[in-house]
Each structure stands twice: as structure tokens, then as C-alpha cells.
Asker: 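Once you've had a glance at the structure underneath, I'll fire off some questions.
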Protein chains: 2
Amino acid sequence: MPYRVVVSGELAKLFGVLSHPIRIRIIEELQQEDLTVGALREILDISHAAASQQLAVLRSHHLVIEKRQGRNVFYHLHNPALAKWIMAGLVFILPDRREVDQISSAIKNVQEVWGKDLKPKKSTTVKKSQST
Amino acid sequence: MPYRVVVSGELAKLFGVLSHPIRIRIIEELQQEDLTVGALREILDISHAAASQQLAVLRSHHLVIEKRQGRNVFYHLHNPALAKWIMAGLVFILPDRREVDQISSAIKNVQEVWGKDLKPKKSTTVKKSQST
DNA sequence: TACAAATATTTATATATATGAATATAGCGA
DNA sequence: TCGCTATATTCATATATATAAATATTTGTA
């Protein structure tokens, strides 16, 4: 198979995995610190099953790594550069005129939160509580 | 709307647009030189309508710009950095064991072709002939 | 046992894509 | 100017795919 076809196919798959808001948010949250499924569920305000499913998609493409710790499963990025690379893609977002203000101010906010230099990882810190 | 939601949604849309092999190949081909629909059709070996449709997707997200010239319509990248950014995503492709060799050699090949320094653009050069 | 997470299944929805036909636009020649 | 051809876009339709959300079930662990 011609290599261009192989590679464009693989890239397309990668982009497919990234083409969901929840999965992007998971990746950005994981850049800050390792998190359990329950913690992500809470942060993203989604059901447990949903969090698990989206993590499974990321896992199946080796973008995140799971690490069991007691009854919790912590996730971290296989390659933290992924989160940075995604942020670099922000410049290619070209909203339509009417949304320009709203979206570009949102981008600025997000760059401060997701884009700033990272705190030293507290990877094994367990959140105190976790409901449902 | 919380800005994280806005931005992750916009990014997801962008990734969605890029999650098709043909569209990726179009972007990489356009990095080398501006091309007409017919030229792309030929290079990618797809139908004329298919080329036009995929270009419409890219156009609707402002990733490519059309410029009419006589009876041809030339396309170019709105932001050539897009092609480079996509190539930078290659490092996040983590194939399964069995495909590792095939895919990583394909990636190497592609990096030579799509990743090398660009020739000065001959943007308005019209291809001599064009069948079908 | 009870909790956390993963897995499996189903359902519903959306979406993409290929194809062929119709339409539009531009250049060319009589 | 009037056709004729080349190029490109659009539309309609059928098919395929995917995809997500919801639910239920299972597994592992304290």
C-alpha cells in the first residue's frame, strides 16, 4: 500500500479520536495531573459510563495509559506533548464572523488555563472524596 | 457558555474536518503548490465530484481558499502552517505491534515527501493538460 | 459484601460518502 | 452573438458507517 495512503489513513484515525469535545477536555485535564475516572466524571460532569467509554477510546489508541492504584484507576497521558500540540492547533480555528468575539475570548481564557506552564505533577495524589 | 466547552467544541470540529484521509492528502498536496480541482482529482485518483465535495468541507471551515483563474479554480491553504502542524502530529501515531514496521516506514517516507522544505511556490503555473 | 471500573449490548441518531444528474461559469471558435 | 466544450459546484439519493448515550452485567478489590 502506497505510504501516503497509509499515513494519511493513520492521521485521519488520530484526528477521529480527537474529534470529540469530551476527549479533548480529558486530554487537557490530564496534562495538569493524573486523574481517576471518578475525578474526571466529576470535573466534566458526565456519567461514569460515559467517562469510561471515552477513556476507552483514548486508551485503544494508546493516547492515555491506565495505572491501577487500589480500587482507583489513574490515567495519564502517554505523551504529554499531545496536549501542547492540540493547543497549537487553536490558531487554525477560524470562526464565522458572528461568533468571532465569543470564541476568541474563550480561546484566550483557555490558553491561560490549559496552556500555561504546568505545575510539577502531583501524579499520585488521591482526591479526598468521590461521590457516585 | 463556559469557555472550556466552547473551545473544546471548536477544536473537536477542527479535528473532525481533518479526520478523513483524502482531506489530509489534499492539505499536504496544497502545501507543495496551488492546485485545481482537476489536478487534485488526478493526483488522488478520485472522482471529480468527490474532490469538489471534500474541498467544500475544507472551504467551509476556511482551511483552504479558492481563487478562480479562467476556467480553473485554484486552491491554496489559508494558513500553510496547517500542513506542518499536521505533520507534527505524526509522533502521536502509535500503531499496534503487528503494524509497527509497515507504518513507521511509511511515516519516514512521507516525512521526506510532505515534510521537506518547500520549493518556492509556483502558484499560478497552469498544468498543460488535464483529461476527463 | 459493597464499591469502582470495565465491558457488553442495545438503541437511536447522525453523519459521511459515493454516484449520477443538473446547474453554473468561463473560454473558444464560427 | 450563439453555441460548444471544459471545469467546477451543487443537489438528490442511497448506502454505509459510526457514534454516542443508556442500560445492564461482570470483574476486581478492599
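From a predicted model like this one, the values you see are computed outputs, not experimental measurements. Naming: A, B, ... by sequence-line order, numbering from 1 per chain.
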Asker: Report the C-alpha distance between A:Met87 and A:Gln31 in whole Å, list the side-chain angles of each, state the deciding distance to 0.1 Å, and finish with yes or no for side chain to side chain contact (heavy atoms under 4.5 Å, CB included).
Answerer: CA-CA 11 Å; A:Met87 290 295 288; A:Gln31 191 190 19; 5.5 Å; no
Asker: Here's a test of your reading of the structure: between A:Gln54 and A:Gly70, which maps to the more 5' nucleotide of DNA chain D?
Answerer: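 Mapping each residue to its closest nucleotide by heavy atoms, the 5'-most match is A:Gln54.
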Asker: What string of B, S and - do you get for nucleotides 9-16 of chain D, 5' to 3', if B is base contact, S is sugar-phosphate-only contact and - is no contact with any protein heavy atom under 4.0 Å?
Answerer: BBBB----
Asker: Round to a whole Å and report the spacing from CZ of A:Phe74 to P of C:dA6.
Answerer: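 After rounding, the gap between these two atoms is 12 Å.
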Asker: Nearest whole Å is fine: how far is D:dA8 P from B:Gln69 CD?
Answerer: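 The answer, rounded to whole Å, is 12 Å.
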Asker: Nearest whole angstrom, please: distance from the P of D:dA6 to the CZ of B:Arg41.
Answerer: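 Spelled out: CZ on B:Arg41 to P on D:dA6 is 14 Å.
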Asker: Rounded to whole angstrom units, what separation is found between the CZ atom of A:Arg23 and the C1' atom of D:dA21?
Answerer: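 A:Arg23 atom CZ is separated from D:dA21 atom C1' by 13 Å.
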Asker: List the steps, then state whether salt bridge (charged side-chain N to carboxylate O under 4.0 Å, His left out) holds for A:Glu10 with A:Lys13.
Answerer: CA-CA 5 Å; A:Glu10 291 297 316; A:Lys13 271 191 230 163; 3.2 Å; yes
Asker: Check whether any side-chain N or O of B:Asn72 sits under 4.0 Å from OP1 or OP2 of D:dA8, and answer yes or no.
Answerer: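 The answer is yes; a side-chain N or O of B:Asn72 sits under 4.0 Å from OP1 or OP2.
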Asker: A:Arg71 CZ to D:dT29 C1': how many Å, rounded?
Answerer: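 Rounding to the nearest Å, CZ of A:Arg71 and C1' of D:dT29 are 7 Å apart.
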Asker: Round to the nearest Å and state the distance from B:Ile46 atom CD1 to D:dA8 atom P.
Answerer: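 Computing the B:Ile46:CD1 to D:dA8:P distance gives 12 Å.
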Asker: When you measure from the side-chain N and O atoms of A:Thr36 to the phosphate of C:dA4, is any distance below 4.0 Å, counting only OP1 and OP2?
Answerer: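 Negative; the distance criterion is not met.
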Asker: Would you kindly give the CG-to-P distance between B:Asp34 and D:dA8, to the nearest whole Å?
Answerer: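 These atoms are roughly 13 Å apart.
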Asker: What is the distance from NZ of B:Lys67 to C1' of D:dA8, rounded to the nearest Å?
Answerer: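 To the nearest whole Å, that distance equals 18 Å.
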